[in-house]
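Below, chains carry the letters A, B, ... as their sequence lines are ordered, and counting in each starts from 1. Hydrogens, waters and symmetry mates are skipped; everything else that's a heavy atom, side chains included, is used.
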Number of protein chains: 2
Amino acid sequence: MRKKATHQHLAEHTKYRQYLLKKGLKLSRARETVFWEVMEAHGHFAAEELVKQCAIRNRGVSRATIYRSLKELFGAAVIRETAFGEKHHHFEHVYDEKLHHHARCIHCYKIIEVPCLQEYKKYLELLKKEHFQVLGHELHFYGTCQNCLEIK
Amino acid sequence: MRKKATHQHLAEHTKYRQYLLKKGLKLSRARETVFWEVMEAHGHFAAEELVKQCAIRNRGVSRATIYRSLKELFGAAVIRETAFGEKHHHFEHVYDEKLHHHARCIHCYKIIEVPCLQEYKKYLELLKKEHFQVLGHELHFYGTCQNCLEIK
DNA sequence: CTTTATGCAAAGTTTTTGCAGATCA
DNA sequence: TGATCTGCAAAAACTTTGCATAAAG
């Protein structure tokens with residue numbers, strides 16, 4: 001049983017369809033399945049987690065297809081990768097308009113989600129309140145470079 | 001032949017030594033070797049790159065030890081991990097005071113390094129000049145959480 | 001009916017681990 | 001000397017790929 005699709009989900013679906021169209025790819029049953037499984041995942045998830053979820057739910061999609069679909073969903077900017085210092089990739093939804101950032105403890109790997117504020121100083125204040133000792137930060141933009149814009 | 005250690009390198013070395021001391025770990029030949037190889041690496045590097053470099057230079061340190069040392073150097077906050085959407089970890093020096101950020105193209109994986117500015121708007125202006133179309137960003141703090149501060 | 005997608009299983013990469021012998025404090 | 005380290009090789013974890021068959025448009 002699948003949850004009702006939200007407006008956001010449908011918007012993402014359109015984006016994905018247009019991406020596939022532009023690339024001359026087909027909207028197959030497997031792609032649909034993976035898309036909706038991804039939409040139902042919350043927060044960060046790893047490729048293998050999705051594989052397991054699909055297995056448990058008997059979605060009938062193979063590991064290979066899931067990996068292939070994740071790459072596409074990434075290409076279509078439906079999901080993005082996040083950096084958690086583990087050896088496997090982590091993904092999360094791009095659409096999540098309530099963008100959040102991450103503070104990771106280098107000792108225990110715990111992650112604190114931080115809302116999107118406007119000023120750097122405010123982040124530091126917030127993290128200080130959480131008793132998180134900041135050693136540094138990294139800002140990571142994703143998008144399309146000049147070259148790829150032209151190819152498109 | 002090894003390059004002359006800079007002031008920064010020595011400061012990092014002290015930090016590492018203190019970390020080892022606190023943890024009851026020994027400053028072994030292998031740890032020294034890996035430390036200095038890491039100091040000589042520039043920009044981002046992957047664990048396997050270091051393995052290859054040590055092999056070429058006949059440093060006599062095994063792959064296992066290199067992986068183990070990288071974890072420690074990470075724990076000691078001598079290096080940090082960066083997120084480049086490839087399947088292996090990337091590291092860079094923490095000490096690099098000329099902190100920079102990254103903009104990655106989701107199509108070709110090209111990375112633009114962006115200097116550390118003060119305001120978000122300035123980043124967008126800069127990237128616009130580079131004809132990089134920003135889809136989103138992620139801010140990633142690293143440090144020590146409350147719990148681990150107490151344990152320490 | 002042509003093109004693209006899929007599953008499978010095998011291969012490829014990256015990382016971790018157990019253990020016996022070596023090294024450090 | 002007693003604790004921690006190391007290399008080795010094997011295993012584990014994650015990801016990709018080739019190919020024959022299936023499905024989509």
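When the side-chain contact (heavy atoms from CB on, under 4.5 Å) test is applied to Lys122(A), the partners found at least two apart in sequence or on another chain are Leu117(A), Glu119(A). Every side-chain contact (heavy atoms from CB on, under 4.5 Å) that Gln53(A) has, sequence neighbours left out, goes to Glu37(A), Arg57(A). Residues passing the side chain to side chain donor-acceptor pair (under 3.5 Å) test with Arg68(B): none are found, sequence neighbours excluded. Residues that satisfy the ring-ring contact (aromatic ring centres under 6.0 Å, His included) test with Tyr67(B), not counting sequence neighbours, are absent from this structure. The side chain to side chain donor-acceptor pair (under 3.5 Å) test applied to Ser28(B) returns no partner, not counting sequence neighbours. Under the side chain to side chain donor-acceptor pair (under 3.5 Å) criterion, Arg17(B) pairs with His13(B), sequence neighbours left out. Take Glu48(A) and apply the salt bridge (charged side-chain N to carboxylate O under 4.0 Å, His left out) test, not counting sequence neighbours, and it matches Arg63(A).
For Arg63(B) and dC8(D), the shortest distance from a side-chain N or O to OP1 or OP2 is not below 4.0 Å. Taking side-chain N and O atoms only, Lys71(B) has a distance below 4.0 Å to OP1 or OP2 of dT16(C). Look at Ser62(A) and you won't find any side-chain N or O under 4.0 angstrom from OP1 or OP2 of dT6(C). Considering only side-chain N and O atoms, Tyr67(B) lies nowhere under 4.0 angstrom from the phosphate OP1 or OP2 of dT16(C).
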Given Trp36(A) and Glu32(A), is the side-chain hydrogen bond (donor to acceptor under 3.5 Å, both in side chains) satisfied, shown in steps?
-> CA-CA 6 Å; Trp36(A) 289 109; Glu32(A) 279 280 346; 3.0 Å; yes
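Between the CD1 atom of Ile66(A) and the C1' atom of dT17(D) there is a distance of 17 Å, rounded to whole Å. Look at CZ on Arg31(B): it is 12 Å from C1' on dA3(D), rounded to the nearest Å. Between the CG atom of Leu70(A) and the P atom of dT6(C) there is a distance of 13 Å, rounded to whole Å. Taking atom CD of Glu49(A) as the reference point, atom C1' of dC14(D) lies 13 Å away to the nearest angstrom. Regarding Glu48(B), its CD atom lies at a distance of 15 Å from the C1' atom of dT15(D), rounded to whole Å. One interatomic measurement links the two molecules: CG of Leu21(B) to P of dT4(D), which rounds to 14 Å at whole-angstrom precision. Leu20(B) has its CG atom 15 Å from the C1' atom of dA3(D), to the nearest Å.
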What string of B, S and - do you get for nucleotides 18-25 of chain D, 5' to 3', when a contact is any protein heavy atom under 4.0 Å?
-> B-----BS
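With the end axes of the helix from dC1(C)-dG25(D) to dA25(C)-dT1(D) each set by five pairs, the angle from one to the other reads 40° at 10° resolution.
Separation of atoms CG (Leu25(B)) and OH (Tyr19(B)) is listed at 7.0 Å; rounding is to 0.5 Å.
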